[in-house]
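Here the structure is a predicted model, which means the values were calculated and not measured. In listed order, ligands and their atoms are each counted from 1.
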Amino acid sequence: APRQRVFSGIQPTAGSFHLGNYLGALRNWIALQDTHDAFYCVVDLHSITIAKDPEELRSNTRYAAAQLLAMGIDPERSTLFVQSHVAEHTRLSWVLECLTGYGEAARMTQFKDKSARQAEEHVSVGLFTYPALMAADILLYRTDVVPVGEDQRQHLELSRTLAQRFNSRFGETFVVPDAHIPQDTARIFDLQDPDSKMSKSVPSGLIELMEEPKRMAKRVRSAVTDSGREIHYDPENKAGVSNLLVIHSAMTGRSIADLEAAYEGRGYGDLKKDLGQILGDFVTPFQERVRTYLDDPAELDKILRRGAEHAREVASETVRTVFDRVGF
Ligand code: ADP
Ligand code: NA
(Lines give C-alpha, C1' and ligand atoms only; values in the text may rest on other atoms or scores of the structure.)
(Ligands and ions follow the chains in the order given, each with its own letter.)
Protein backbone atom coordinates (compact mmCIF):
# COMPACT_ATOMS: atom_id res chain seq x y z
CA ALA A 1 0.00 0.00 0.00
CA PRO A 2 1.27 3.53 -0.70
CA ARG A 3 2.32 5.47 2.35
CA GLN A 4 -0.10 7.92 3.87
CA ARG A 5 0.73 11.51 3.17
CA VAL A 6 1.47 13.88 6.02
CA PHE A 7 1.66 17.67 5.81
CA SER A 8 2.92 20.06 8.43
CA GLY A 9 4.08 23.67 8.46
CA ILE A 10 5.95 25.94 10.81
CA GLN A 11 6.38 29.70 10.74
CA PRO A 12 9.84 31.18 10.42
CA THR A 13 10.71 32.93 13.65
CA ALA A 14 13.13 35.60 14.71
CA GLY A 15 15.79 33.68 16.59
CA SER A 16 15.98 29.94 16.56
CA PHE A 17 13.41 27.28 17.25
CA HIS A 18 13.06 26.45 20.92
CA LEU A 19 13.03 23.20 22.82
CA GLY A 20 9.21 23.23 22.95
CA ASN A 21 9.04 23.40 19.13
CA TYR A 22 11.50 20.52 18.90
CA LEU A 23 10.08 18.16 21.52
CA GLY A 24 6.47 19.16 20.88
CA ALA A 25 6.44 19.04 17.09
CA LEU A 26 9.61 18.91 15.00
CA ARG A 27 11.04 15.71 16.42
CA ASN A 28 7.81 14.03 15.41
CA TRP A 29 8.22 15.41 11.87
CA ILE A 30 11.54 13.62 11.68
CA ALA A 31 10.06 10.35 12.93
CA LEU A 32 7.15 10.51 10.46
CA GLN A 33 9.60 10.41 7.56
CA ASP A 34 10.09 6.70 8.25
CA THR A 35 6.43 5.83 7.87
CA HIS A 36 4.83 8.58 5.76
CA ASP A 37 5.17 10.51 2.54
CA ALA A 38 5.97 13.82 4.19
CA PHE A 39 5.48 17.39 2.95
CA TYR A 40 7.04 19.95 5.30
CA CYS A 41 6.68 23.65 4.73
CA VAL A 42 8.15 26.84 6.15
CA VAL A 43 4.97 28.91 6.11
CA ASP A 44 6.24 32.40 5.39
CA LEU A 45 2.90 33.54 3.92
CA HIS A 46 1.35 33.01 7.32
CA SER A 47 4.07 35.13 8.90
CA ILE A 48 2.93 38.40 7.37
CA THR A 49 -0.51 38.23 8.99
CA ILE A 50 1.44 40.26 11.55
CA ALA A 51 3.73 42.95 10.05
CA LYS A 52 7.29 41.75 9.40
CA ASP A 53 10.48 43.43 8.22
CA PRO A 54 11.24 42.07 4.70
CA GLU A 55 14.94 41.34 5.19
CA GLU A 56 14.28 39.73 8.56
CA LEU A 57 11.53 37.59 7.12
CA ARG A 58 13.77 36.45 4.27
CA SER A 59 16.62 35.53 6.58
CA ASN A 60 14.34 33.92 9.17
CA THR A 61 12.84 31.72 6.46
CA ARG A 62 16.29 30.45 5.43
CA TYR A 63 17.28 30.06 9.06
CA ALA A 64 14.18 27.95 9.70
CA ALA A 65 14.91 25.73 6.69
CA ALA A 66 18.55 25.31 7.77
CA GLN A 67 17.44 24.26 11.25
CA LEU A 68 14.93 21.73 9.89
CA LEU A 69 17.62 20.18 7.70
CA ALA A 70 20.15 20.18 10.55
CA MET A 71 17.61 18.49 12.80
CA GLY A 72 17.12 15.61 10.40
CA ILE A 73 14.50 16.53 7.82
CA ASP A 74 15.93 14.69 4.85
CA PRO A 75 15.22 16.31 1.48
CA GLU A 76 15.86 12.97 -0.24
CA ARG A 77 12.96 11.39 1.64
CA SER A 78 10.65 14.33 2.32
CA THR A 79 9.47 17.35 0.40
CA LEU A 80 10.80 20.39 2.26
CA PHE A 81 9.85 23.75 0.79
CA VAL A 82 8.93 27.36 1.43
CA GLN A 83 5.24 28.24 1.14
CA SER A 84 5.69 31.46 -0.88
CA HIS A 85 7.67 29.53 -3.52
CA VAL A 86 4.55 27.61 -4.50
CA ALA A 87 1.95 30.05 -5.86
CA GLU A 88 -0.82 27.43 -5.63
CA HIS A 89 -1.19 28.10 -1.89
CA THR A 90 -2.63 31.56 -2.49
CA ARG A 91 -4.63 30.43 -5.50
CA LEU A 92 -6.44 27.69 -3.59
CA SER A 93 -6.72 29.86 -0.51
CA TRP A 94 -8.96 32.34 -2.36
CA VAL A 95 -11.39 29.61 -3.37
CA LEU A 96 -11.51 28.31 0.20
CA GLU A 97 -12.01 31.79 1.64
CA CYS A 98 -15.07 32.09 -0.56
CA LEU A 99 -16.39 28.84 0.93
CA THR A 100 -15.79 29.96 4.52
CA GLY A 101 -18.61 31.67 6.38
CA TYR A 102 -17.82 34.98 8.03
CA GLY A 103 -19.22 33.71 11.31
CA GLU A 104 -17.28 30.47 10.97
CA ALA A 105 -14.00 32.39 10.71
CA ALA A 106 -15.02 34.76 13.49
CA ARG A 107 -15.43 31.79 15.85
CA MET A 108 -11.78 30.73 15.55
CA THR A 109 -10.36 31.10 19.03
CA GLN A 110 -6.84 31.84 17.79
CA PHE A 111 -8.16 34.83 15.83
CA LYS A 112 -10.16 35.99 18.82
CA ASP A 113 -7.10 35.73 21.11
CA LYS A 114 -4.61 37.31 18.72
CA SER A 115 -6.89 40.12 17.61
CA ALA A 116 -7.89 40.93 21.19
CA ARG A 117 -4.23 41.57 22.01
CA GLN A 118 -3.84 44.27 19.33
CA ALA A 119 -5.44 47.59 18.45
CA GLU A 120 -8.11 47.11 15.80
CA GLU A 121 -6.17 49.02 13.12
CA HIS A 122 -3.30 46.50 13.50
CA VAL A 123 -5.51 43.45 13.03
CA SER A 124 -5.19 42.44 9.36
CA VAL A 125 -7.83 40.72 7.26
CA GLY A 126 -5.07 38.15 6.66
CA LEU A 127 -5.10 37.22 10.32
CA PHE A 128 -8.82 36.60 9.94
CA THR A 129 -8.54 34.46 6.80
CA TYR A 130 -5.45 32.60 8.05
CA PRO A 131 -7.38 29.33 8.59
CA ALA A 132 -8.44 29.26 4.92
CA LEU A 133 -4.78 29.54 3.88
CA MET A 134 -3.93 26.78 6.32
CA ALA A 135 -6.69 24.65 4.80
CA ALA A 136 -5.20 25.31 1.36
CA ASP A 137 -1.73 24.24 2.60
CA ILE A 138 -3.13 20.91 3.70
CA LEU A 139 -5.67 20.19 0.96
CA LEU A 140 -3.32 21.02 -1.94
CA TYR A 141 -1.29 17.91 -1.22
CA ARG A 142 -4.15 15.45 -0.80
CA THR A 143 -2.95 15.09 2.77
CA ASP A 144 -4.18 12.09 4.77
CA VAL A 145 -2.94 13.15 8.18
CA VAL A 146 -1.84 16.35 9.89
CA PRO A 147 0.05 16.28 13.16
CA VAL A 148 -1.62 18.93 15.28
CA GLY A 149 -1.18 20.29 18.75
CA GLU A 150 -4.17 21.45 20.80
CA ASP A 151 -3.75 25.01 19.46
CA GLN A 152 -4.37 23.99 15.83
CA ARG A 153 -7.19 21.53 16.41
CA GLN A 154 -9.98 23.99 15.58
CA HIS A 155 -8.20 25.07 12.40
CA LEU A 156 -7.81 21.47 11.26
CA GLU A 157 -11.50 20.90 11.94
CA LEU A 158 -12.26 23.85 9.62
CA SER A 159 -9.97 22.36 6.95
CA ARG A 160 -12.00 19.15 7.13
CA THR A 161 -15.26 21.07 6.92
CA LEU A 162 -14.07 23.04 3.88
CA ALA A 163 -12.89 19.87 2.11
CA GLN A 164 -16.26 18.22 2.71
CA ARG A 165 -18.16 21.34 1.69
CA PHE A 166 -16.22 21.64 -1.57
CA ASN A 167 -16.68 17.94 -2.30
CA SER A 168 -20.42 18.04 -1.76
CA ARG A 169 -20.90 21.24 -3.77
CA PHE A 170 -18.55 20.55 -6.70
CA GLY A 171 -17.96 16.78 -6.64
CA GLU A 172 -15.41 14.57 -4.92
CA THR A 173 -12.11 16.48 -5.12
CA PHE A 174 -10.31 16.73 -1.80
CA VAL A 175 -9.03 14.13 0.60
CA VAL A 176 -10.53 14.94 4.01
CA PRO A 177 -7.50 15.01 6.34
CA ASP A 178 -7.39 13.41 9.75
CA ALA A 179 -5.69 14.78 12.83
CA HIS A 180 -2.62 12.75 13.71
CA ILE A 181 -2.20 12.48 17.43
CA PRO A 182 1.55 12.51 17.88
CA GLN A 183 2.87 9.73 20.12
CA ASP A 184 6.34 10.88 20.75
CA THR A 185 5.81 14.51 21.76
CA ALA A 186 5.96 16.38 25.03
CA ARG A 187 4.56 19.65 26.28
CA ILE A 188 7.42 21.78 27.59
CA PHE A 189 6.97 24.55 30.14
CA ASP A 190 8.72 27.87 30.72
CA LEU A 191 11.89 27.55 32.83
CA GLN A 192 11.12 30.68 34.83
CA ASP A 193 7.36 30.23 35.03
CA PRO A 194 6.73 26.46 34.87
CA ASP A 195 2.95 26.91 34.95
CA SER A 196 3.04 28.42 31.45
CA LYS A 197 4.14 26.65 28.29
CA MET A 198 7.54 27.52 26.88
CA SER A 199 6.91 30.05 24.11
CA LYS A 200 8.97 32.41 21.99
CA SER A 201 6.72 35.22 23.22
CA VAL A 202 8.32 34.86 26.69
CA PRO A 203 12.09 34.94 26.06
CA SER A 204 13.15 34.71 29.72
CA GLY A 205 12.08 31.09 30.17
CA LEU A 206 13.12 29.77 26.75
CA ILE A 207 15.68 27.22 25.69
CA GLU A 208 16.62 28.29 22.18
CA LEU A 209 18.29 25.57 20.14
CA MET A 210 20.94 27.93 18.78
CA GLU A 211 21.99 29.27 22.15
CA GLU A 212 25.60 28.79 23.14
CA PRO A 213 25.72 25.52 25.16
CA LYS A 214 27.35 27.09 28.23
CA ARG A 215 24.65 29.76 28.44
CA MET A 216 22.02 27.11 27.88
CA ALA A 217 23.38 25.10 30.82
CA LYS A 218 23.30 28.27 32.92
CA ARG A 219 19.65 28.84 32.02
CA VAL A 220 18.86 25.29 33.10
CA ARG A 221 20.74 25.79 36.39
CA SER A 222 18.68 28.90 37.13
CA ALA A 223 15.34 27.26 36.25
CA VAL A 224 12.67 27.90 38.86
CA THR A 225 12.11 24.90 41.13
CA ASP A 226 10.40 24.58 44.50
CA SER A 227 11.85 24.74 48.01
CA GLY A 228 11.69 20.97 48.51
CA ARG A 229 14.51 18.50 47.87
CA GLU A 230 12.87 15.41 46.33
CA ILE A 231 13.29 14.81 42.61
CA HIS A 232 9.80 13.59 42.04
CA TYR A 233 7.36 13.95 39.14
CA ASP A 234 4.38 15.94 40.41
CA PRO A 235 3.23 18.56 37.86
CA GLU A 236 0.64 20.00 40.27
CA ASN A 237 2.95 20.75 43.16
CA LYS A 238 6.40 20.52 41.62
CA ALA A 239 5.91 22.01 38.17
CA GLY A 240 9.52 23.13 37.71
CA VAL A 241 11.16 19.83 38.66
CA SER A 242 8.53 17.89 36.70
CA ASN A 243 9.30 19.96 33.60
CA LEU A 244 13.02 19.21 33.94
CA LEU A 245 12.23 15.50 34.30
CA VAL A 246 10.04 15.58 31.21
CA ILE A 247 12.80 17.27 29.21
CA HIS A 248 15.40 14.79 30.50
CA SER A 249 13.18 11.85 29.67
CA ALA A 250 12.34 13.19 26.20
CA MET A 251 16.00 13.81 25.39
CA THR A 252 17.37 10.51 26.71
CA GLY A 253 14.46 8.12 26.21
CA ARG A 254 14.65 7.08 29.86
CA SER A 255 11.31 6.75 31.67
CA ILE A 256 10.35 9.24 34.38
CA ALA A 257 10.22 6.37 36.92
CA ASP A 258 13.74 5.35 35.97
CA LEU A 259 14.95 8.94 36.41
CA GLU A 260 13.21 9.30 39.79
CA ALA A 261 14.99 6.16 40.96
CA ALA A 262 18.34 7.31 39.59
CA TYR A 263 18.09 10.70 41.34
CA GLU A 264 16.91 9.30 44.66
CA GLY A 265 18.84 11.04 47.44
CA ARG A 266 20.37 13.56 45.06
CA GLY A 267 19.55 17.28 44.73
CA TYR A 268 18.01 19.55 42.10
CA GLY A 269 21.52 20.80 41.28
CA ASP A 270 22.54 17.34 40.06
CA LEU A 271 19.50 17.05 37.80
CA LYS A 272 20.09 20.52 36.38
CA LYS A 273 23.78 19.88 35.78
CA ASP A 274 23.09 16.62 33.95
CA LEU A 275 20.35 18.19 31.89
CA GLY A 276 22.61 21.08 30.85
CA GLN A 277 25.13 18.50 29.68
CA ILE A 278 22.55 16.45 27.79
CA LEU A 279 21.19 19.51 26.00
CA GLY A 280 24.69 20.76 25.21
CA ASP A 281 25.65 17.39 23.70
CA PHE A 282 22.53 17.52 21.56
CA VAL A 283 22.79 21.11 20.30
CA THR A 284 26.54 21.24 19.63
CA PRO A 285 26.50 19.09 16.45
CA PHE A 286 23.08 20.51 15.52
CA GLN A 287 24.43 24.06 15.62
CA GLU A 288 27.42 23.05 13.50
CA ARG A 289 25.13 21.59 10.86
CA VAL A 290 22.97 24.74 10.85
CA ARG A 291 26.06 26.86 10.24
CA THR A 292 27.15 24.57 7.42
CA TYR A 293 23.83 25.15 5.64
CA LEU A 294 23.92 28.89 6.25
CA ASP A 295 27.50 29.11 4.98
CA ASP A 296 26.48 27.52 1.68
CA PRO A 297 23.52 29.57 0.42
CA ALA A 298 23.68 28.01 -3.05
CA GLU A 299 23.21 24.52 -1.62
CA LEU A 300 20.34 25.63 0.62
CA ASP A 301 18.69 27.37 -2.36
CA LYS A 302 19.06 24.21 -4.42
CA ILE A 303 17.41 22.06 -1.77
CA LEU A 304 14.52 24.48 -1.37
CA ARG A 305 14.09 24.88 -5.12
CA ARG A 306 13.90 21.12 -5.59
CA GLY A 307 11.39 20.89 -2.76
CA ALA A 308 9.24 23.63 -4.28
CA GLU A 309 9.36 21.97 -7.69
CA HIS A 310 8.09 18.71 -6.30
CA ALA A 311 5.44 20.44 -4.20
CA ARG A 312 4.29 22.40 -7.24
CA GLU A 313 3.82 19.22 -9.29
CA VAL A 314 1.27 17.96 -6.79
CA ALA A 315 -0.27 21.33 -5.97
CA SER A 316 -0.77 22.48 -9.54
CA GLU A 317 -2.73 19.37 -10.36
CA THR A 318 -5.03 20.00 -7.41
CA VAL A 319 -5.56 23.63 -8.41
CA ARG A 320 -6.24 22.67 -12.02
CA THR A 321 -9.01 20.33 -10.90
CA VAL A 322 -10.42 22.80 -8.38
CA PHE A 323 -10.47 25.72 -10.84
CA ASP A 324 -12.15 23.55 -13.43
CA ARG A 325 -14.85 22.43 -10.99
CA VAL A 326 -15.42 25.99 -9.75
CA GLY A 327 -15.93 27.23 -13.33
CA PHE A 328 -12.66 29.10 -14.05
P1 ADP B 1 5.35 29.51 20.16
O2 ADP B 1 4.38 29.05 21.19
O3 ADP B 1 6.74 29.66 20.67
O4 ADP B 1 4.83 30.72 19.41
P5 ADP B 1 4.47 28.11 17.85
O6 ADP B 1 3.09 28.46 18.20
O7 ADP B 1 5.10 28.76 16.66
O8 ADP B 1 5.42 28.34 19.10
O9 ADP B 1 4.55 26.54 17.72
C10 ADP B 1 5.16 25.81 16.68
C11 ADP B 1 4.98 24.34 17.02
O12 ADP B 1 5.67 24.02 18.24
C13 ADP B 1 3.53 23.94 17.25
O14 ADP B 1 3.34 22.66 16.72
C15 ADP B 1 3.39 23.92 18.75
O16 ADP B 1 2.39 23.04 19.18
C17 ADP B 1 4.77 23.47 19.19
N18 ADP B 1 5.10 24.04 20.51
C19 ADP B 1 5.31 25.34 20.77
N20 ADP B 1 5.60 25.53 22.07
C21 ADP B 1 5.56 24.30 22.65
C22 ADP B 1 5.77 23.81 23.97
N23 ADP B 1 6.08 24.65 24.97
N24 ADP B 1 5.66 22.48 24.22
C25 ADP B 1 5.35 21.63 23.21
N26 ADP B 1 5.13 22.02 21.94
C27 ADP B 1 5.23 23.34 21.65
NA1 NA C 1 2.07 30.11 19.65
Side-chain angles (χ1 to χ4, degrees), residues 6-32 38-50 52 56-57 60-61 63-65 67-68 71-73 80 83 108-114 117-118 127 130-131 133-134 137-138 143 145-157 159 177 179-211 216 219-220 223-224 235 239-240 242-251 275 279:
V6 63
F7 175 92
S8 200
I10 191 155
Q11 287 198 25
T13 59
S16 64
F17 290 129
H18 60 75
L19 194 66
N21 299 140
Y22 176 63
L23 294 176
L26 300 176
R27 192 167 70 158
N28 184 52
W29 288 22
I30 296 157
L32 285 167
F39 279 63
Y40 294 134
C41 187
V42 180
V43 291
D44 57 345
L45 296 174
H46 285 284
S47 274
I48 66 160
T49 51
I50 291 165
K52 290 280 147 52
E56 271 176 37
L57 175 59
N60 291 343
T61 298
Y63 196 32
Q67 289 175 80
L68 293 173
M71 232 174 242
I73 300 300
L80 174 68
Q83 190 185 26
M108 294 292 123
T109 56
Q110 194 174 90
F111 174 74
K112 288 198 277 188
D113 293 346
K114 287 194 175 173
R117 279 189 257 126
Q118 297 171 67
L127 189 64
Y130 177 114
L133 178 58
M134 177 173 150
D137 300 339
I138 296 165
T143 301
V145 287
V146 184
V148 278
E150 250 343 287
D151 50 341
Q152 291 298 329
R153 205 161 262 289
Q154 196 185 27
H155 289 162
L156 181 68
E157 207 39 58
S159 301
H180 172 270
I181 314 300
Q183 302 287 312
D184 192 24
T185 59
R187 196 171 159 77
I188 307 303
F189 294 89
D190 186 294
L191 291 186
Q192 291 302 316
D193 171 18
D195 293 320
S196 308
K197 74 161 208 163
M198 184 177 285
S199 169
K200 61 178 172 282
S201 51
V202 189
S204 59
L206 268 186
I207 298 179
E208 288 190 295
L209 299 182
M210 290 302 285
E211 184 155 61
M216 186 179 289
R219 275 178 184 280
V220 173
V224 167
S242 300
N243 189 38
L244 298 179
L245 283 170
V246 166
I247 295 171
H248 192 313
S249 167
M251 296 301 297
L275 190 53
L279 291 170

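Atom 8 (O) of ligand 1 has its nearest heavy-atom neighbour, among L23, L206, N21, V202, in N21.
Side-chain polar atoms of D193 and S196 form a donor-acceptor pair below 3.5 angstrom. D137 and Q83 are linked by a side-chain donor-acceptor pair at a separation below 3.5 angstrom, with hydrogens and angles left out of the test.
Close approach to D151 involves these atoms of ligand 1, each under 4.0 Å from a residue heavy atom: 16 (O). When each atom of ligand 1 is checked for a heavy atom of I188 under 4.0 Å away, the hits are 22 (C), 23 (N), 24 (N), 25 (C). Which parts of ligand 1 touch M198 is read off a 4.0 Å heavy-atom cut-off, strictly below it: atoms 20 (N), 21 (C), 22 (C), 23 (N). Every atom of ligand 1 with a heavy atom of A186 under 4.0 Å away is listed here by number and element: 24 (N), 25 (C). Ligand-side atoms of ligand 1 in range of K197: 2 (O), 19 (C), 20 (N), 21 (C), 23 (N), range being under 4.0 angstrom from any heavy atom. Interface of G24 with ligand 1, defined as ligand atoms under 4.0 Å from a residue heavy atom, comprises 25 (C), 26 (N).
Residue contacts with ligand 1 for Q11 are absent, since no atom lies close enough (heavy atoms, distance under 4.0 Å).
Taking CG of L206 as the start and OG of S16 as the end, the distance is 8.5 Å to the nearest 0.5 Å. Once rounded to the nearest 0.5 Å, the distance linking OG1 of T61 with CG of L57 reads 4.5 Å. Within the model, atoms CD1 of I10 and SG of C41 stand 11.0 Å from one another, a figure rounded to the nearest 0.5 Å.
Residue S199 has at least one nitrogen or oxygen atom sitting less than 3.5 Å from a nitrogen or oxygen atom of ligand 1, judged on distance alone. Remark: ligand 1 and G20 share an N or O pair separated by less than 3.5 Å (distance only, no angle test). At a 3.5 angstrom cut-off on N or O pairs, F189 does not count as close to ligand 1. Annotation: A25 places no N or O atom under 3.5 Å from an N or O atom of ligand 1; distance criterion only. Checked against a 3.5 angstrom limit, the closest N/O atoms of R187 and ligand 1 fall outside it.
Residue-ligand proximity: Q152 is placed with every non-hydrogen atom at 4.0 Å or more from ligand 1. Not close to ligand 1: P147, with no non-hydrogen atom less than 4.0 angstrom away.
A heavy-atom distance below 4.5 Å is not found between the side chains of V6 and F39. No side-chain heavy atom of N21 sits under 4.5 Å from any side-chain heavy atom of I188. R27 places none of its side-chain heavy atoms less than 4.5 Å from the side chain of T185.
For E208 (side chain) and G15 (main-chain N/O), no donor-acceptor pair under 3.5 Å exists by modelled atom type. Here the side chain of R219 pairs a donor or acceptor atom with the backbone of S204 at under 3.5 angstrom.
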